[in-house]
Amino acid sequence: MKRRVFGSYTGAFKEYDKLRRIRDFIELKNMCEYKFGIDNVWEDSFQIPIFDKNGEKLFAIQMLLNTANFRVAIYFNNSKMLSEFHRKYGDYTKYVLTISELYDEMDNLIYSMYKFLGKKELYFSDYPED
């Protein structure tokens with residue numbers, strides 16, 4: 001049986017990439033739960049809460065699995081913070097293809113929030129170690 005080269009099997013690569021992202025996302029969710037503590041957990045998304053020294057939740061970093069990529073975004077406590085951040089720093093949502101890129105963008109968003117909040121100390125846990 002002969003098959004035309006152009007257009008044949010291109011779906012196999014897209015399907016593989018989709019399955020890889022699903023597997024990577026599940027592993028990421030498990031690792032983040034253990035390392036950082038996560039909340040608002042759903043099948044395709046979760047949030048990593050960020051606290052101040054007094055245990056007050058300042059914001060969260062949301063990870064989301066889309067059909068074509070990963071999405072990382074700041075989840076603000078209120079819309080006033082969102083619009084002020086957007087005005088000063090631009091986009092608070094990034095779309096990436098790999099876990100490494102996801103980590104880099106998460107780090108960049110946390111650093112932007114650090115500056116936005118007046119260089120306030122940030123913690124992954126609501127019980128910081130002193």
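Please read these numbers as outputs of a predicted model, since none were measured by experiment. All residue numbers refer to positions in the sequence shown, counting from 1.
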Inset, instruction - Using a strict 4.0 Å threshold on nitrogen-to-oxygen distance, state whether D24 and R21 make a salt bridge. - result: no
Tell me which donor-acceptor pairs under 3.5 Å the side chains of residues 64-81 have, and how far apart each pair is, sequence neighbours excluded?
{"from": "N66", "atom 1": "ND2", "to": "N69", "atom 2": "OD1", "distance (Å)": "3.1"}
{"from": "R71", "atom 1": "NH1", "to": "Q62", "atom 2": "OE1", "distance (Å)": "3.0"}
{"from": "N77", "atom 1": "ND2", "to": "K57", "atom 2": "O", "distance (Å)": "3.0"}
{"from": "N77", "atom 1": "ND2", "to": "L58", "atom 2": "O", "distance (Å)": "2.8"}
{"from": "N78", "atom 1": "OD1", "to": "K80", "atom 2": "N", "distance (Å)": "3.2"}
{"from": "N78", "atom 1": "OD1", "to": "M81", "atom 2": "N", "distance (Å)": "2.7"}

Inset, instruction - Working to the nearest 0.5 Å, report the span between CG of D107 and CD1 of I61. - result: 9.5 Å
Legend entry - Over 12 foreign heavy atoms within 6.0 Å of CD, E84: yes
Inset, instruction - Give the ring-plane orientation class for F46 versus F25, where under 30° counts as parallel, over 60° as perpendicular and anything between as tilted. - result: tilted
Legend entry - Single-linkage hydrophobic cluster, 4.5 Å side-chain cutoff, M106 and L97 together: no
Inset, instruction - Output, in order, the C-alpha distance, side-chain angles, deciding distance and verdict of side chain to side chain contact (heavy atoms under 4.5 Å, CB included) for L28 and M31. - result: CA-CA 5 Å; L28 176 68; M31 190 274 310; 4.0 Å; yes
Inset, instruction - Please answer whether the main-chain N or O of M113 pairs with a side-chain N or O of K120 as donor and acceptor at a distance below 3.5 Å. - result: no
Inset, instruction - Kindly compute the distance separating NZ (K94) from CG (L109), expressed to the nearest 0.5 Å. - result: 6.5 Å
Inset, instruction - State whether the side chain of N54 and the backbone N or O of E56 hold a donor-acceptor pair below 3.5 Å, judged by distance alone. - result: no
Inset, instruction - Flag yes if more than 12 heavy atoms outside K18 fall under 6.0 Å of its NZ atom; otherwise flag no. - result: no
Legend entry - Atom OH of Y92: over 12 foreign heavy atoms under 6.0 Å: no
Legend entry - Y103 OH: over 12 foreign heavy atoms closer than 6.0 Å: no
Inset, instruction - Start with the C-alpha distance between L122 and L117, add both sets of side-chain angles, then the distance that settles side chain to side chain contact (heavy atoms under 4.5 Å, CB included), and finish with yes or no. - result: CA-CA 10 Å; L122 303 175; L117 295 170; 4.1 Å; yes
Inset, instruction - Rounded to the nearest 0.5 Å, what's the gap from OH on Y95 to CG on L102? Could you check? - result: 12.5 Å
